[in-house]
Engineer: 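Dropping the structure in here first, questions after.
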Amino acid sequence: MSKMIHRYIGMMSVALSALVSVACAQSDEVMKDTGDLVRVMRHPDGTRSIYQRQQGWRGMRCSTYTASGRLAAVSDYTEGQYGQLVGCIIYDHTKRNIIYKVAYGYDSRARLVEERMYSHPQGKLVQRVMYKYDASGNRSKPLIVSLNTSGPSTEIAPTMQYDANAINRDMKNKRRRR
């Protein structure tokens, strides 16, 4: 895998973790834009991510820009009926080519316990981000496991409510309803 993709996977893990976290650190740049909440996050490496709610479906879009201001990727997040993240599709800078699909898993208390990133179109698991909670309900720092996609493929049975195929079906259904 190229150095750019490794950097992007790491950057997306941080962005995904920050998005889901209740106590996420956000920049001072929070504003209203046509009634939709917009959050701008500036990352230590000079990149920035802009999160904006999308009209007509449960979710939001994150546009990530390089330090020089070029669009690097677009992520469409889908929310479930209770506002929890259930999936994400990550596109390249053209907004046409899918790079990854992400599925989220929750425990019986509706706390995020895992994020799984799948390559597209192969559907191979390339990264897992796992969380634990202490007795007070505080979430741990993420444990990020990157899997080697260049070696022999190993099928891992999905254990979460929404796997990559379910995310794909959800996104197709949303497009049909527009």
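Along the sequence shown, the residues carry numbers beginning at 1.
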Engineer: Flag the pair Val145 / Leu147 as yes when at least one side-chain heavy-atom distance between them is below 4.5 Å, and no otherwise.
Structural biologist: yes
Engineer: For residues Cys62 and Tyr77, report the shortest heavy-atom separation together with the two atoms involved.
Structural biologist: CB-CE1, 3.7 Å
Engineer: So, using side-chain contact (heavy atoms from CB on, under 4.5 Å) as the criterion, who are the partners of Ser68 when residues are at least two apart?
Structural biologist: Thr66, Arg70
Engineer: I need the Ile90 CD1 to His120 NE2 distance, nearest 0.5 Å.
Structural biologist: 12.0 Å
Engineer: Any side-chain to backbone donor/acceptor pair from Thr78 onto Val86? Under 3.5 Å, distance only.
Structural biologist: no
Engineer: Minimum heavy-atom separation for Val102 to Glu115, with atom names?
Structural biologist: CG1-CB, 4.5 Å
Engineer: For Thr94 and Asn97, which heavy atoms make the closest approach, and how far apart are they?
Structural biologist: OG1-ND2, 3.5 Å
Engineer: Between atom OH of Tyr51 and atom CE of Met60, what is the distance when rounded to the nearest 0.5 Å?
Structural biologist: 8.5 Å
Engineer: Please identify each residue that fulfils side-chain contact (heavy atoms from CB on, under 4.5 Å) with Ile50, with sequence neighbours left out.
Structural biologist: Val38, Val40, Arg48, Tyr65
Engineer: Mind checking the OG-CZ spacing from Ser146 to Arg128? Nearest 0.5 Å is all I need.
Structural biologist: 12.0 Å
Engineer: When rounded to the nearest 0.5 angstrom, what distance separates SG in Cys88 from CD in Glu79?
Structural biologist: 11.5 Å
Engineer: Looking at Ile98 and Tyr91, what are the two nearest heavy atoms and their distance?
Structural biologist: CG1-CE2, 3.5 Å
Engineer: Return the set of residues passing side-chain contact (heavy atoms from CB on, under 4.5 Å) with Lys132 (not counting sequence neighbours), or none when no residue passes.
Structural biologist: Ser140
Engineer: Ignoring hydrogens, what is the shortest heavy-atom contact between Ser63 and Val74? Give both atom names and the distance.
Structural biologist: OG-CG2, 4.3 Å
Engineer: Within this structure, what is the CD1-CG distance for the pair Ile99 and Asp92, rounded to the nearest 0.5 Å?
Structural biologist: 5.0 Å
Engineer: Listed by chain and number, what are the side-chain contact (heavy atoms from CB on, under 4.5 Å) partners of Arg109, not counting sequence neighbours?
Structural biologist: Asp107, Arg111
Engineer: Side chains of Tyr104 and Gln84: closer than 4.5 Å at any heavy-atom pair?
Structural biologist: no
Engineer: Considering all heavy atoms of both residues, which atom of Thr47 and which atom of Ala67 are nearest to each other, and what is their separation?
Structural biologist: CG2-N, 3.9 Å
